[in-house]
Amino acid sequence: MNNTFGRSAALTIFGESHGVSIGAVLDGLPAGEVIDWDAVRTEMARRAPGRNAMSTARSEADAFEVQSGFFNGYTTGTPLCAVIRNGDHRSKDYDQLRHIMRPGHADYSGKIRYGGYNDFRGGGHFSGRLTAPLVFAGAVASQILKRRGVAVGAHILQIGSVRDASFHPLGEDEALFESLKQETLPVLDKTKQSEMEGEIMAAKGDLDSVGGVIECMITGLPAGLGNPLFDSVESALSHMMFSVPAVKGVEFGDGFALASMRGSGANDAFYYDGAAVKTKTNRNGGINGGITNGMPVLFRAAIKPTPSISRLQETIDTDTQENCTLEIKGRHDPCIVQRAVPVVEAAASWAILDVWLSTEKRM
């Protein structure tokens, strides 16, 4: 198992959902960076459970303890380690899940991969609980990026059948990103909030769940970041997005819609705006050949419906090796899309910080 992402900025995440604690080690941060810990706490609160009827009733403060890497108000350049204690967990809710596999979860694949030695309580290391240290890391990274003129923002593009407006592909103001962070359901068209909430509560009433799409934009990136092929900016961002539980699809710019276009429509025409080089459209999402072209990086991540639902489902019992049914108990989100918005932002921030620092070293 490799729980570390990144080269110049390496992030290691540890812990299990119902263990003593979870946490992160951030290695490669530049020395001398000031971190606003209150701003980090604000980001952590955006992801935290138990805030409203649209999320799980599990309540965690997500308070973090910085163990190393920060001294006298600055990063030291050595690994920054943070620990987040687990509190409100009910392990008894998961007793039968040692041998009865939840459909859509990693129970079966994880049991096979680790020979049955994995911690299955609350999903263990596969749990969405592990996104808390990811948000911590992203909140630190975003502050470092902001001092370099880079901003990361996201909104809910879709929940179920309800769809929001899209970001303008040529860019949005950082003020918009900040305003979206204040919303429980961050959308551009505020009339969609009640419709999305209705979609979520209807699924909850049906003992079911619903998924959606998150759109993310990164502004302020200069041209020339990244590499072709294996170390492309798309590769880095996609790697991090697929490390977020429930992400099942990622597309950049116009994404899959490009498949139905001709080259004349899919190409982004360049032009000089004074001394700056820009494109008239941004169908390729700000990336050409795996390298940033100076336009906003724009991508979307598809989030599947929460697999833990209270409906009776068909599954297997690995103890008896028989088919059986399962009615999942416990506290679960009818929709995780709204809580995943800060996670996507955080994952993008860390990936871009790694790309930035890696490119910086080669220049």
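On a predicted model such as this, the values are computed, not experimentally measured, just so you know. All heavy atoms count here, side chains included; hydrogens, waters and symmetry mates do not.
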Verdict with reasoning, Ser161 to Glu199, per side chain to side chain donor-acceptor pair (under 3.5 Å): CA-CA 8 Å; Ser161 62; Glu199 194 92 350; 3.2 Å; yes
Is the gap between the ring centers of Phe167 and Phe299 under 6.0 Å? no
When rounded to the nearest 0.5 angstrom, what is the spacing between OG in Ser179 and CG in Leu188? 8.5 Å
Is there a donor in the side chain of Ser142 and an acceptor in the side chain of Ser349, or the other way round, less than 3.5 Å apart? no
How long is the span from the CD atom in Gln338 to the CG atom in Leu185, to the nearest 0.5 Å? 6.0 Å
Hey, is Asp107 close enough to Arg102 for a salt bridge, meaning N to O under 4.0 Å? yes
Same apolar cluster (I L V M F W Y, side chains within < 4.5 Å links), Val247/Met217: no
Value for OG (Ser209) from CG (Asp333), rounded to nearest 0.5 Å, stands at 9.5 Å
Any non-hydrogen side-chain atom of Asn284 less than 4.5 Å from a side-chain atom of Asn288? yes
Any side-chain heavy-atom pair of Ile352 and Leu145 under 4.5 Å: yes
At what distance, to the nearest 0.5 angstrom, does CZ of Phe252 lie from CG of Leu258? 12.5 Å
Within 6.0 angstrom of Tyr271 OH, more than 12 heavy atoms from elsewhere: yes
Min side-chain heavy-atom separation Leu29-Val140 under 4.5 Å: yes
Find out whether Glu345 and Glu43 are in side-chain contact, i.e. whether some heavy atom of one side chain is under 4.5 Å from a heavy atom of the other. yes
Would you please classify the geometry between the Tyr114 ring and the Phe126 ring as parallel, tilted or perpendicular, with 30° and 60° separating the classes? tilted
If you define the side chain from C-beta out and look only at heavy atoms, does anything of Phe64 sit under 4.5 Å from Val40? yes
Answer with yes or no whether the side chains of Thr78 and Thr76 bring together a donor and an acceptor at under 3.5 Å. yes
Answer yes or no: does atom NZ of Lys190 have more than 12 heavy-atom neighbours from other residues, nucleotides or ligands under 6.0 Å? yes
His239-Phe5 aromatic ring centre distance below 6.0 Å: yes
Is the shortest distance from a Lys or Arg side-chain nitrogen in Glu16 or Arg129 to a carboxylate oxygen in the other one below 4.0 Å? no
What I want to find out is whether Asp62 reaches Arg41 closely enough, with some N-O distance under 4.0 Å, to be called a salt bridge. no
Does atom CD (Gln321) have a neighbourhood of more than 12 heavy atoms from anything else shown, all under 6.0 Å? no
Among the clusters formed by ILVMFWY side chains lying less than 4.5 Å apart, do Val244 and Leu298 turn up in the same one? no
Answer yes if the side chains of Thr131 and Arg47 hold a donor-acceptor pair under 3.5 Å, and no otherwise. yes
Using a distance-only test with no angle check, is there a side-chain donor-acceptor pair under 3.5 angstrom linking Thr325 and Gln313? no
Basic-acidic side-chain contact under 4.0 Å: Glu33, Arg148: yes
Distance-only donor-acceptor check, side chains His125 and Asp119, under 3.5 Å: no
CZ-OG1 distance between Arg46 and Thr184, expressed to the nearest 0.5 angstrom: 10.5 Å
I'd like to know if Leu97 and Ile112 are part of one continuous hydrophobic network [Ile/Leu/Val/Met/Phe/Trp/Tyr, side-chain heavy atoms within less than 4.5 Å]. no
If you group Ile, Leu, Val, Met, Phe, Trp and Tyr by side-chain heavy-atom gaps below 4.5 Å, do Ile287 and Phe242 land in one group? yes
Sequence neighbours left out, what pairs pass ring pair (Phe, Tyr, Trp, His ring centres under 6.0 Å) with at least one residue falling in residues 194-230? none
Working note: Lys278 + Asp273, criterion salt bridge (charged side-chain N to carboxylate O under 4.0 Å, His left out); need CA distance, chi angles, decisive distance, verdict. CA-CA 7 Å; Lys278 295 183 179 181; Asp273 182 10; 2.9 Å; yes
Would you compute the distance between atom CG of Asp354 and atom CG of Leu11 and round it to the nearest 0.5 angstrom? 9.5 Å
Within the structure provided, determine whether Asp36 and Gln143 are in side-chain contact (heavy-atom separation under 4.5 Å). yes
Heavy atoms of other groups near Lys181 NZ, more than 12 under 6.0 Å: yes
Kindly indicate whether the side chain of Val210, heavy atoms from C-beta on, has any atom under 4.5 Å from the side chain of Pro305. no
Check whether the side chains of Thr306 and His332 place a donor and an acceptor atom closer than 3.5 Å, and report yes or no. no
Using side-chain heavy atoms (C-beta onward) and a distance below 4.5 Å, is Gln158 in contact with Met196? no
Answer yes or no: does atom OH of Tyr74 have more than 12 heavy-atom neighbours from other residues, nucleotides or ligands under 6.0 Å? no
So Asp268 and Arg283, salt bridge (charged side-chain N to carboxylate O under 4.0 Å, His left out) or not? Walk me through it. CA-CA 6 Å; Asp268 299 307; Arg283 299 191 182 283; 5.3 Å; no
Pairs flagged by side-chain hydrogen bond (donor to acceptor under 3.5 Å, both in side chains) wherever residues 256-267 is involved - sequence neighbours left out: none
Check this for me, if you would: do Asp208 and Arg311 make a salt bridge, where the nitrogen-to-carboxylate-oxygen distance has to be below 4.0 angstrom? yes
